[in-house]
Amino acid sequence: MVEWTDSERTIINGIFANLNYEDIGPKALCRCLIVYPWTQRYFGAFGNLYNADAIMANPLIAAHGTKILHGMDRALKNMDDIKNTYATLSELHSEKLHVDPDNFRLLADCLSIVIAAEMGYEFTPDMQAAWQKFLSVVVSALGRQYH
Amino acid sequence: MSLSAKDKETVKLFWSKVAGKQEDVGSDALCRMMTVYPQTKTYFAHWNDLSSNSPYVRKHGKTVMNGIGEAVKKLDDLDGGLLALSELHAFKLRVDPTNFKILSHNILVVLAIMFPDEFTPVAHVAVDKFLQAVSKALAEKYR
């Protein structure tokens, strides 16, 4: 089980409380698809991903980015047992979506960068550390059911 | 994943904004790296102050960013241009190359904080490719 200090809980809850899901979610997913173009392999049915501008204007991608970010709400509400909270989601990504789990790390890195751009220097090294710990647990839980 | 002509242009343009801020960018990136990825502190056990305004961290941040600035000037031949630095990292410093990725990520975080509007996804991919290429050149002499 992952141990969280009070400070870490406060930081992570604080970041989510101030998050505009409809802005940050799409930005993070778009950045991932642009910076790591091989991740586009999972979005064949999402329409025009021809270039960076097309990706950033794509409403299906935007909606999906928002959905992914809301998916993290469950981890936030169950911080003491993210592994089991995400068991079904992990199975879904493995058995149905066939997503290489390395992609979770790539998206997580892009999300950190988008949040850093949004929060500026308020995103202190200590906040980044707590945030990174949270993302690492989420990424690990999502990869847990792969076999 | 080599740099296209467009990538090189993007990197040079973006890097002109970093000019004059090497110490700030470098020391913030190092501080974040050591806070978020504590295993990297093992390389700095000889410093008694690892905070972002520690004179050691500020000086080293500037050194690292100046090295990367040199790489920007030698974009067309990173292996040749960074030969001396590669030998330094291989034979003297012996930094595990996984750490180049970690520091690169933290440089990107600092760039996002300092240049939220200019650090677009297009700039991000070019700079990420560049830092990867620099990391590869730095590891060239390792074995």
Side-chain angles (χ1 to χ4, degrees), chain A residues 7-8 11-12 15 23-24 26-40 49-58 61-62 65 102 105-137 139, chain B residues 1-4 6-7 10-11 14 17 21 24-41 49-54 57 61 98 101-132:
Chain A
S7 164
E8 285 168 342
I11 286 170
I12 293 158
I15 290 175
D23 179 47
I24 299 297
K27 277 183 176 157
L29 183 57
C30 285
R31 198 164 276 254
C32 188
L33 295 171
I34 293 166
V35 177
Y36 309 108
W38 53 93
T39 57
Q40 291 170 27
L49 302 180
Y50 192 62
N51 54 34
D53 288 333
I55 291 171
M56 291 192 283
N58 186 318
I61 293 292
D102 198 52
R105 187 184 53 82
L106 298 179
L107 181 59
D109 283 349
C110 286
L111 182 56
S112 296
I113 283 166
V114 168
I115 285 178
E118 179 67 23
M119 293 180 65
Y121 284 106
E122 243 187 77
F123 192 55
T124 61
D126 284 336
M127 287 186 72
Q128 188 185 341
W131 179 246
Q132 185 61 44
K133 182 175 167 180
F134 176 74
L135 286 182
S136 300
V137 174
V139 165
Chain B
M1 296 194 242
S2 46
L3 295 160
S4 66
K6 183 94 212 314
D7 289 329
T10 309
V11 169
F14 191 82
K17 301 183 204 298
K21 301 191 167 91
D24 289 331
V25 176
S27 56
D28 196 7
L30 277 177
C31 179
R32 282 172 192 277
M33 179 186 78
M34 290 189 284
T35 309
V36 182
Y37 305 90
Q39 69 272 20
T40 57
K41 290 192 292 187
D49 181 359
L50 296 176
S51 64
S52 70
N53 39 34
S54 138
V57 175
T98 333
K101 263 195 203 164
I102 296 176
L103 180 57
S104 296
H105 173 70
N106 284 287
I107 291 173
L108 296 176
V109 169
V110 174
L111 293 179
I113 288 173
M114 289 180 78
F115 308 102
D117 298 320
E118 295 97 320
F119 197 56
T120 60
V122 171
H124 179 164
V125 60
V127 176
D128 190 40
K129 283 174 79 173
F130 165 64
L131 291 176
Q132 256 192 46

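Order of the sequence lines sets the chain letters (A, B, ...), proteins ahead of strands, with each chain counted from 1. Any value given below was found using the heavy atoms of this structure, including those in side chains, with hydrogens, waters and symmetry copies removed. Computed from a predicted model, the values in this text were never measured in an experiment.
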Checklist entry - Relative to chain B, which segment of A:Met56 carries a heavy atom at a distance below 4.5 Å: side chain, backbone, both, or neither? => result side chain
Checklist entry - Of the listed residues (A:Thr124, A:Asn51, A:Val114), which shares the most heavy-atom pairs with chain B below a 4.5 Å separation? => result A:Thr124
Next on the checklist: With side-chain contact (heavy atoms from CB on, under 4.5 Å) as the criterion, how do A:Asp102 and A:Tyr36 come out once you've worked through the C-alpha distance, each side chain's angles and the decisive distance to 0.1 Å?
Outcome noted: CA-CA 11 Å; A:Asp102 198 52; A:Tyr36 309 108; over 6 Å; no
Part of [X] within contact of chain A (heavy atom distance under 4.5 Å):
X: B:Phe115; value: neither
X: B:Met34; value: neither
X: B:Asp117; value: neither

Next on the checklist: Can you tell me if A:Glu122 has over 12 outside heavy atoms packed within less than 6.0 Å of its CD?
Outcome noted: no
Checklist entry - Is the closest side-chain donor-acceptor distance between A:Asp109 and A:Ser112 under 3.5 Å? => result no
Checklist entry - Under 3.5 Å, is there a donor-acceptor pair between the side chain of A:Gln40 and the main chain of A:Leu33? => result yes
Checklist entry - Side-chain contact, heavy-atom cut-off 4.5 Å: B:His124 with A:Ile34? => result no
Checklist entry - Among B:Ala126, B:Pro121, B:Cys31, B:Ser52, which residue forms the greatest number of heavy-atom pairs with chain A at distances under 4.5 Å? => result B:Pro121
